[in-house]
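Since we're looking at a predicted model, the values are computed, not measured. Just so you know, these numbers use all the heavy atoms, side chains as well, and skip hydrogens, waters and symmetry mates.
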Amino acid sequence: MKVLPVILAAGQGVRMRSRLPKVLHPLAGRPLIQHALRIVQQVADVPPIVVIGHQADQVRAALDESVRTALQEEQLGTGHAVMSAEALARGQSDLVLITYGDMPLLRPETLRALIDIQKNNRGPLSLLTVEMEDPHGFGRIIRDEEGRVTAIVEEAVATPEQRAIRELNTGVYCIRNAWLWDALRKIQRSPKGEYYLTDLVEIAVSEGLEVQAVCLKDSEEALGINTRVHLAEAEAVLRKRIARHWMEAGVTIIDPASTYIEADVTIGMDTVIYPNTYLRGKTSIGENCVLGPDTIIEDSQIGNHCTVLASVIESSLLEDDVRMGPFCHLRPKAHLAKGVKMGNFGEVKASYLGPGVHMGHFSYIGDAIIGAHTNIGAGTITCNFDGNNKHRTEIGEDAFIGSDTMLVAPVKIGARARTGAGSVVTHNVPDDETVVGVPARPFKKTSQERTPQSE
Ligand code: UD1
Ligand code: CA
């Protein structure tokens, strides 16, 4: 039986108190709606449909172009929201799976269990319920003496006895496509003018049809994000789940509670992560690395056997055996080849550091290419900006850049060339030459004294 998911995401989310649409608030580095999509995509046979309405343009713009959306122009309730998907969904599957865009903690296994119950249900509808001590805001599940579900009663209209019920409606349903659309037309407007999707239960029961329910084992899955407090709760749950996943995959996380790994990150075996480390965006970490404490890595690729201590890495690439830190900053497009060592207070931007380059202390390298095994002395700076434009610096292999050298770009330093401490290099330096001074000139030793050669 083919399953078509419909995700409801047209509501306003007033309680977020935000200009950003609720489903675009990020959780573990991804907007809520992306979590909802990825969850249902794992059980879908037909690509999901997202019902959008409030701030529809913004929400649509945040979705891949391949994601189908249905517009609910006026938000007249959950039943009305599903009706908006009729043109796209009617007849397109055997079952329609309905979820919300603001429920990021649902597990695909749970949805599979619900789908399986409905596959074996003679009636048209199965729903996911949850038992919770605090039922506030949820619809209550009404069962008859035989335990059959007969209705969902919304809190606003529930009697005191009904309010005491602890089995609640999560808002997730699996419904026979061939039955759904005509049944939706039978929903009456509520006193508040809304079409409640929950009325489908009574409609089915009144037709003598069976309604099945699966009760969640893990009630945290039912968390719907209505406020920023919920957002933080969900973040904590996801953080735990992600950390557990990587620990089970062979990663040591010293303190999961203070380690922030986003959903799209991957980590190799035997890597060790110290506290207060953030791995964000599309980041991949190799095997046997040691990261942190106090490290942020975003949208970057880190090879095997790398060490990163108290540093910030953005949109960069580290090959194997790189050692960094403490207090380094890689800005976008830094590429550190195998075996690079970068020490205290170094900054690299849009540059390639060849294999084995050493850059120990207090340097800025921007828009540069540095050959293998070159040593960048303490305090070296590529003066890459002339006030208007950025210029490039090229340094050959096995060069030795003396402490406090200013490389005024555009400039090229040859292989095995050397610069004296404090030199300001304004002209290209050929292979094997040594330059010193301000501005730097070729250095010649005389028997008497060591002075820069005069021109
Ligand atoms: C709904 C259920 C309630 C359940 C609860 C679980 C109904 C009538 N009630 O209540 O039984 O316990 O969810 O959280 O269904 N939406 C639209 N268009 C609309 C209205 C809502 O797309 O016109 C979307 C919202 O964006 C949201 C979801 O539907 O993702 C739920 O809407 P919400 O208003 O939060 O439903 P509740 O009143 O909380
Ligand atoms: Ca809600």
Side-chain angles (χ1 to χ4, degrees), residues 1-10 33 35-52 66-70 72 77-103 105-130 139 141 148-152 169-187 195-217 221-222 224:
M1 281 198 215
K2 286 202 163 54
V3 175
L4 161 57
V6 174
I7 301 173
L8 306 188
I33 190 68
H35 285 278
L37 271 165
R38 289 194 189 211
I39 294 162
V40 298
Q41 273 160 352
Q42 295 184 57
V43 301
D45 301 297
V46 182
I49 296 164
V50 182
V51 178
I52 56 178
S66 61
V67 174
R68 301 184 296 164
T69 55
Q72 183 194 20
T78 45
H80 183 257
V82 177
M83 285 182 216
S84 320
E86 177 171 0
L88 284 174
R90 186 174 189 133
Q92 300 304 305
S93 67
D94 302 292
L95 300 173
V96 176
L97 175 72
I98 296 169
T99 65
Y100 295 166
D102 61 5
M103 289 179 74
L105 300 180
L106 277 174
R107 289 190 168 92
E109 303 90 270
T110 301
L111 296 180
R112 258 179 228 123
L114 177 68
I115 291 163
D116 283 344
I117 290 282
Q118 179 50 37
K119 281 182 179 169
N120 296 311
N121 183 5
R122 278 175 291 137
L125 164 65
S126 298
L127 56 118
L128 185 66
T129 69
V130 62
I141 305 294
R148 287 182 300 230
V149 176
T150 57
I152 301 171
N169 176 30
T170 60
V172 178
Y173 316 84
C174 188
I175 307 175
R176 194 176 293 155
N177 194 317
W179 177 81
L180 173 61
W181 311 103
D182 293 336
L184 286 170
R185 294 205 167 74
K186 295 176 187 155
I187 297 176
Y195 296 91
Y196 288 162
L197 186 58
T198 45
D199 286 358
L200 288 183
V201 172
E202 277 177 272
I203 289 166
V205 170
S206 73
E207 292 172 1
L209 303 171
E210 212 170 311
V211 174
Q212 297 277 2
V214 185
C215 189
L216 269 177
K217 287 187 196 77
E221 287 187 55

(request) Locate the shortest heavy-atom distance separating Ala36 from Tyr100; write the atom from each residue and the value. (result) CB-O, 3.9 Å

(message) Measuring from atom CZ of Arg176 to atom CG of Asp94, what distance do you get when rounded to the nearest 0.5 angstrom?
(response) 9.5 Å

(request) Would you confirm whether Arg68, through its side chain, and Pro47, through its main-chain N or O, come within 3.5 Å as a donor-acceptor pair? (result) yes

(request) Ignoring hydrogens and angles, state whether a donor on the side chain of Gln118 or Ser126 is under 3.5 Å from an acceptor on the partner side chain. (result) yes

(message) Run Thr99 and Ile39 through side chain to side chain contact (heavy atoms under 4.5 Å, CB included) and show every step you take.
(response) CA-CA 10 Å; Thr99 65; Ile39 294 162; over 6 Å; no

(request) Quick one: do Thr198 and Thr78 satisfy side chain to side chain contact (heavy atoms under 4.5 Å, CB included)? Show the steps, please. (result) CA-CA 8 Å; Thr198 45; Thr78 45; 5.6 Å; no

(request) Quickly, which of Asn121, Ile203, Leu200, Leu127 forms a side chain to side chain contact (heavy atoms under 4.5 Å, CB included) with Val211? Name it, please. (result) Leu127

(message) Within the 4.5 Å heavy-atom criterion, are Leu184 and Glu86 side-chain neighbours or not?
(response) no

(message) Keeping Thr170 on the side-chain end and Leu128 on the backbone end, is there a donor-acceptor pair under 3.5 Å?
(response) yes

(message) For a 4.5 angstrom cut-off between non-hydrogen side-chain atoms, does Leu114 reach Tyr173?
(response) no

(message) Please check this pair: side chain of Asn177 against backbone of Val96, looking for a donor-acceptor N/O pair closer than 3.5 Å.
(response) no

(message) Quick check: closest heavy atoms across Val43 and Pro108, and the distance to 0.1 Å?
(response) CG1-O, 3.7 Å

(request) To the nearest 0.5 Å, tell me how far Asn169 CG sits from Ile152 CD1. (result) 4.0 Å

(message) Distance check, rounded to the nearest 0.5 Å: Gln42 atom CD versus Glu109 atom CD?
(response) 8.0 Å

(request) Would you check if Val40 and Ile7 make a side-chain contact, meaning some heavy-atom pair closer than 4.5 Å? (result) yes

(request) Determine, for Lys186 against Glu207, whether the closest basic-nitrogen to carboxylate-oxygen distance falls under 4.0 angstrom. (result) yes

(request) Please round to the nearest 0.5 Å and tell me the distance separating atom CG of Asp182 and atom CZ of Arg90. (result) 5.0 Å

(request) Locate the shortest heavy-atom distance separating Ala85 from Ala70; write the atom from each residue and the value. (result) CA-CB, 3.9 Å

(request) Looking only at non-hydrogen atoms, find the nearest pair between Val214 and Ala113 and report the distance. (result) CG2-O, 4.3 Å

(request) Kindly give the heavy-atom pair with the smallest separation between Val3 and Asp45, and that separation in Å. (result) N-OD2, 2.7 Å

(message) Determine whether Asn120 and Gln212 satisfy the following criterion, side chain to side chain contact (heavy atoms under 4.5 Å, CB included), listing intermediate values before the conclusion.
(response) CA-CA 10 Å; Asn120 296 311; Gln212 297 277 2; over 6 Å; no

(message) Nearest 0.5 Å, please: how far is NE2 in His35 from CE in Met103?
(response) 14.0 Å

(request) Determine the minimum heavy-atom distance between Gly101 and Ala9, stating which atoms define it. (result) CA-CB, 4.4 Å

(message) Does Lys2 have more than 12 heavy atoms from other residues, nucleotides or ligands lying within 6.0 Å of its NZ?
(response) no

(message) Between Arg185 and Met83, is there a side-chain heavy-atom distance shorter than 4.5 Å?
(response) no

(request) First locate atom CG of Leu180, then atom CD1 of Ile175, and finally report the distance between them rounded to the nearest 0.5 Å. (result) 5.0 Å

